[in-house]
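So you know, we letter chains A, B, ... as the sequences are listed, proteins then strands, and number each from 1.
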Protein chains: 2
Amino acid sequence: MLKQETLSKNQQIVLDFIEKVNEPIKAYSILHNVQKKGIKAPLQVYRALDKLVEIGKIHKIESRNAFVACKNSNCQISKATAFSICESCEEVSEISDSKLSKYLKNFQDKAGMKFNKYNLEFFGLCKKCSIK
Amino acid sequence: MLKQETLSKNQQIVLDFIEKVNEPIKAYSILHNVQKKGIKAPLQVYRALDKLVEIGKIHKIESRNAFVACKNSNCQISKATAFSICESCEEVSEISDSKLSKYLKNFQDKAGMKFNKYNLEFFGLCKKCSIK
DNA sequence: TACACAATGTTATATTATAACAATTAACAC
DNA sequence: GTGTTAATTGTTATAATATAACATTGTGTA
Ligand SMILES: [Zn+2]
Ligand SMILES: [Zn+2]
Ligand SMILES: [Zn+2]
Ligand SMILES: [Zn+2]
């Protein structure tokens, strides 16, 4: 079978919603918001999320247990992700910095482990929150 | 009051156990293992974990919801952490690489956000698992 | 002593995520 | 089209992770 090109019904419903809100959102919040579309159970959401993460349409913000749409066409299928997170307002942005991603992709640890994936989360205060 | 120098009873019990197992361990697994020491409830474990993370004695592996003792005396109180994670055997090592930490500490994102903390998780196969 | 704050103990509950199994749908080979 | 396989869905129940709320006790300091 060829690699799936179109999303399934539930996957599309979940993705549409995540793209619409345009900020990190939690699984059960997604569930509440797509129940009118016929998605009734957590598993239906989590299965869609798993697939969407796998194909790189969304990312999971691990420290927040939240999901956000990918804004970065050249982030290779979720294998190299970086985010900035404001600890005050919880605003999250995906970092797209070719120098950073190049540096991390080529990073070699001392144990000689070969990496195929990384996730980096920066924390601080966004500009808005710094002023306050 | 001066900054705490000695750990409290529960904090010490939890830290002792985490250091003994010497690999990432989950909160409820800690709970089961320290019940003989008098810790009975999840909150007692989570409160100790919170404090130990705060003072840098342990770190949370966000992608695994697990906690591991710090092996790295110069990781500044949990504000700059990096790990390698084997996706096959789940072995986790704390990366101590001064070049990497320097690079990340000085990283400036395009939005001009000032970071005070980061967490980086690399995924791949450890040497042992690569051979198989 | 009196105060402030950290830590504890305890019960209940909230939040996040998966197990298990049956049924349906989509893609492919022939 | 038929049979085959894999992906997706639907559904109920439950597991795993984490916090709320409140009363109490301990500890350092003035
Ligand atoms: Zn992305
Ligand atoms: Zn902010
Ligand atoms: Zn450390
Ligand atoms: Zn391994």
Does any non-hydrogen side-chain atom of A:L104 lie less than 4.5 Å from one of B:L120? yes
So, is B:S8 near the phosphate of C:dT8, with a side-chain N or O under 4.0 Å from OP1 or OP2? yes
Please determine whether a side-chain nitrogen or oxygen atom of A:N10 lies at a distance below 4.0 Å from atom OP1 or OP2 of D:dA7. no
What string of B, S and - do you get for nucleotides 15-20 of chain D, 5' to 3', when a contact is any protein heavy atom under 4.0 Å? --BBBB
Under 3.5 Å donor-acceptor pairs involving side-chain atoms of residues 16-25 of chain B, not counting sequence neighbours:
{"residue": "B:D16", "atom": "OD1", "partner": "B:Q12", "partner atom": "NE2", "Å": "2.9"}
{"residue": "B:N22", "atom": "OD1", "partner": "B:K71", "partner atom": "NZ", "Å": "3.3"}

Using rotation axes that map the C1' atoms of four end pairs onto the next four (five pairs an end), what angle separates the end axes of the helix from C:dT1-D:dA30 to C:dC30-D:dG1, to 10°? 50°
Distance check needed: [N] [atom2] versus [X] [atom1], whole Å only.
X     : N      : atom1 : atom2 : value
B:K51 : C:dC5  : NZ    : P     : 14 Å
B:I39 : C:dT8  : CD1   : P     : 8 Å
A:Q44 : D:dT12 : CD    : P     : 10 Å
B:Q35 : C:dT10 : CD    : P     : 12 Å
A:R47 : C:dA17 : CZ    : C1'   : 13 Å

Would you call B:E121-B:R64 a salt bridge at under 4.0 Å N-O? no
